[in-house]
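To start, the structure itself, in structure tokens.
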Amino acid sequence: MELKLHRPICFFDLETTGIDVAKDKIVEIAILKVFPNGNKESKTWLVNPGIPIPESSSKIHGITDEKVANEPLFKELASQIYQMIKDSDLAGFNSDRFDIPLLAEELLRAGIDFDLGNRVSVDIQTIFHKKEERTLSAAYKFYCNQVLENAHSAMADTTATYEILKAQLDRYDDLENDIKFLADYTTRKKSVDFAGFIALNEDGKEIFTFGKHKGGIVEEILEREPGYYGWIQNADFPLFTKKVLTSIKLRKLNNKL
């Protein structure tokens, strides 16, 4: 089943130095852009992370310091990557919890003010886990009856993810061929920031999801304990989380004027 699209959607995958959204860096990014008319374009970039790639990570994706030594830094690629995705919905495998938060961090570090705006994201892993509880390779075998060659190669994983979503739409009658529906279906919680440190409660108010103020309303915490804002800004939280927190603080101040 081909996707019914109202705007382009970019399937993408990252290979990275590790799994810390605030600290780790991209070493490879692949994007498959699918247009409403069915046309596709794809691009893969190797990236010099500017920091050593741990051996444990290289064993997973096969990318070493030597392989990326002469590749551009992310900040040199950020503009063309952003141009490819800026008009599109996003999709990936475990993308809501990892790939989108880390991509946002890299773009913000490069000076590009990225957020989803009125776009949505679809996490194909969530559909799979809700239905079958398996990994990407198993998903590809299960849905497409094919062996995933070159697993942990960004483009191989990206293409497999796109094919899996189409197969999921063929298999499950209750899945609507609509990106907004799929985005809602794959959203685990109503996060305000990509990393999930700030979410919406049942009343639609921003709350902290961690630490001593877990469950507390952000505006109320910042008013009662102003130093908490400064602590978060100076700690190792993702840049996008800090940006969201600043927006909430400024909104509160503006409401007082």
Side-chain angles (χ1 to χ4, degrees), residues 2-16 21-22 24-50 71-126 154-155 157-159 161-162 165-166 177-187 190-196 198 238-248 250:
E2 291 299 325
L3 301 180
K4 295 178 182 177
L5 303 175
H6 301 290
R7 63 163 67 93
I9 184 168
C10 284
F11 292 80
F12 78 105
D13 184 69
L14 307 178
E15 303 302 336
T16 67
V21 169
D24 278 304
K25 304 293 184 64
I26 295 170
V27 298
E28 185 180 29
I29 176 171
I31 300 174
L32 172 63
K33 188 170 185 175
V34 184
F35 294 88
N37 64 3
N39 289 344
K40 304 178 186 69
E41 64 177 86
S42 61
K43 180 70 176 178
T44 301
W45 295 269
L46 280 172
V47 185
N48 185 336
E71 299 296 336
L73 298 170
F74 186 86
K75 65 181 180 181
E76 299 173 65
L77 299 170
S79 180
Q80 56 182 301
I81 291 172
Y82 181 67
Q83 288 300 315
M84 191 169 183
I85 68 173
K86 69 177 184 179
D87 62 341
S88 306
D89 295 323
L90 297 178
F93 201 86
N94 194 33
S95 52
D96 281 357
R97 289 190 294 179
F98 182 71
D99 296 83
I100 290 176
L102 184 53
L103 179 60
E105 288 300 292
E106 289 277 42
L107 288 169
L108 288 169
R109 284 192 286 256
I112 295 177
D113 190 12
F114 172 79
D115 61 40
L116 283 176
N118 65 347
R119 297 174 291 154
V120 297
S121 64
V122 180
D123 192 331
I124 284 75
Q125 185 193 61
T126 301
M155 185 50 75
D157 289 357
T158 296
T159 302
T161 299
Y162 167 59
L165 177 56
K166 293 195 297 179
N177 192 345
D178 176 81
I179 297 302
K180 180 63 168 62
F181 171 88
L182 295 171
D184 291 340
Y185 186 86
T186 61
T187 297
K190 296 180 180 179
S191 296
V192 179
D193 65 328
F194 292 131
I198 302 172
L239 293 175
F240 193 79
T241 300
K242 296 177 181 180
K243 174 186 171 184
V244 168
L245 192 63
T246 298
S247 297
I248 296 171
L250 291 175

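If you're wondering where the values come from, they're calculated on a predicted model, not measured in any experiment. Excluded from the calculations below are hydrogen atoms, water molecules and symmetry mates; all remaining heavy atoms, backbone and side chain alike, are included. Numbers for residues simply follow the sequence, beginning at 1.
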Check: [X] side chain, [Y] main-chain N or O, donor-acceptor pair, under 3.5 Å:
{"X": "S95", "Y": "A91", "answer": "no"}
{"X": "E106", "Y": "I26", "answer": "yes"}
{"X": "N177", "Y": "E2", "answer": "yes"}
{"X": "T186", "Y": "V122", "answer": "no"}
{"X": "D99", "Y": "L14", "answer": "yes"}
{"X": "K33", "Y": "M84", "answer": "yes"}
{"X": "Q125", "Y": "G92", "answer": "no"}

Find the distance between [atom1] ([X]) and [atom2] ([Y]) and round it off to the nearest 0.5 Å.
{"X": "N37", "Y": "N39", "atom1": "CG", "atom2": "CG", "value": "4.0 Å"}
{"X": "L103", "Y": "F74", "atom1": "CG", "atom2": "CZ", "value": "5.5 Å"}
{"X": "T16", "Y": "E28", "atom1": "OG1", "atom2": "CD", "value": "11.0 Å"}
{"X": "L107", "Y": "S79", "atom1": "CG", "atom2": "OG", "value": "10.0 Å"}
{"X": "I9", "Y": "I179", "atom1": "CD1", "atom2": "CD1", "value": "3.5 Å"}
{"X": "C10", "Y": "K86", "atom1": "SG", "atom2": "NZ", "value": "12.0 Å"}

[X] versus [Y], closest heavy-atom pair with distance:
{"X": "T44", "Y": "M155", "answer": "OG1-CE, 3.3 Å"}
{"X": "P238", "Y": "A22", "answer": "N-CB, 4.0 Å"}
{"X": "R109", "Y": "D24", "answer": "NH2-O, 3.3 Å"}
{"X": "P8", "Y": "P36", "answer": "N-CD, 3.9 Å"}

For this session: Test E76 against N48 for side-chain contact (heavy atoms from CB on, under 4.5 Å), laying out the working first.
Result: CA-CA 10 Å; E76 299 173 65; N48 185 336; over 6 Å; no
Exercise. Can you tell which of I100, T241, L239 makes a side-chain contact (heavy atoms from CB on, under 4.5 Å) with E105?
Worked result: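 In the set I100, T241, L239, the residue that makes a side-chain contact (heavy atoms from CB on, under 4.5 Å) with E105 is L239.
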Seminar exercise, completed: side-chain contact (heavy atoms from CB on, under 4.5 Å) with I29: of I81, L77, T158, only one passes, and it is I81
For this session: Apply salt bridge (Lys or Arg N to Asp or Glu O under 4.0 Å) to the pair R7 and D87, showing each step before the final yes or no.
Result: CA-CA 8 Å; R7 63 163 67 93; D87 62 341; over 6 Å; no
Any side-chain heavy atom of [X] within less than 4.5 Å of one from [Y]?
{"X": "L73", "Y": "V47", "value": "no"}
{"X": "E71", "Y": "W45", "value": "no"}
{"X": "F12", "Y": "I85", "value": "no"}
{"X": "T159", "Y": "F11", "value": "no"}
{"X": "D115", "Y": "K243", "value": "yes"}

Problem set entry | Steps toward side-chain contact (heavy atoms from CB on, under 4.5 Å) verdict (V21, F240) | CA-CA 10 Å; V21 169; F240 193 79; over 6 Å; no
For this session: Kindly assign one of parallel, tilted or perpendicular to the pair Y82 and F114, based on the angle between their ring planes and the thresholds 30° and 60°.
Result: perpendicular
Exercise. Step by step, would you call T126 with D96 a side-chain contact (heavy atoms from CB on, under 4.5 Å)?
Worked result: CA-CA 9 Å; T126 301; D96 281 357; 5.5 Å; no
Problem set entry | From CA spacing to verdict: salt bridge (Lys or Arg N to Asp or Glu O under 4.0 Å), R97, D123 | CA-CA 9 Å; R97 289 190 294 179; D123 192 331; 5.5 Å; no
Exercise. Do other residues, nucleotides or ligands put more than 12 heavy atoms under 6.0 Å from the NZ atom of K40?
Worked result: yes
For this session: Step through the shown structure and confirm whether more than 12 heavy atoms of other residues, nucleotides or ligands are within 6.0 Å of NZ on K75.
Result: no
For this session: Start with the C-alpha distance between T161 and D13, add both sets of side-chain angles, then the distance that settles side-chain contact (heavy atoms from CB on, under 4.5 Å), and finish with yes or no.
Result: CA-CA 9 Å; T161 299; D13 184 69; 6.0 Å; no
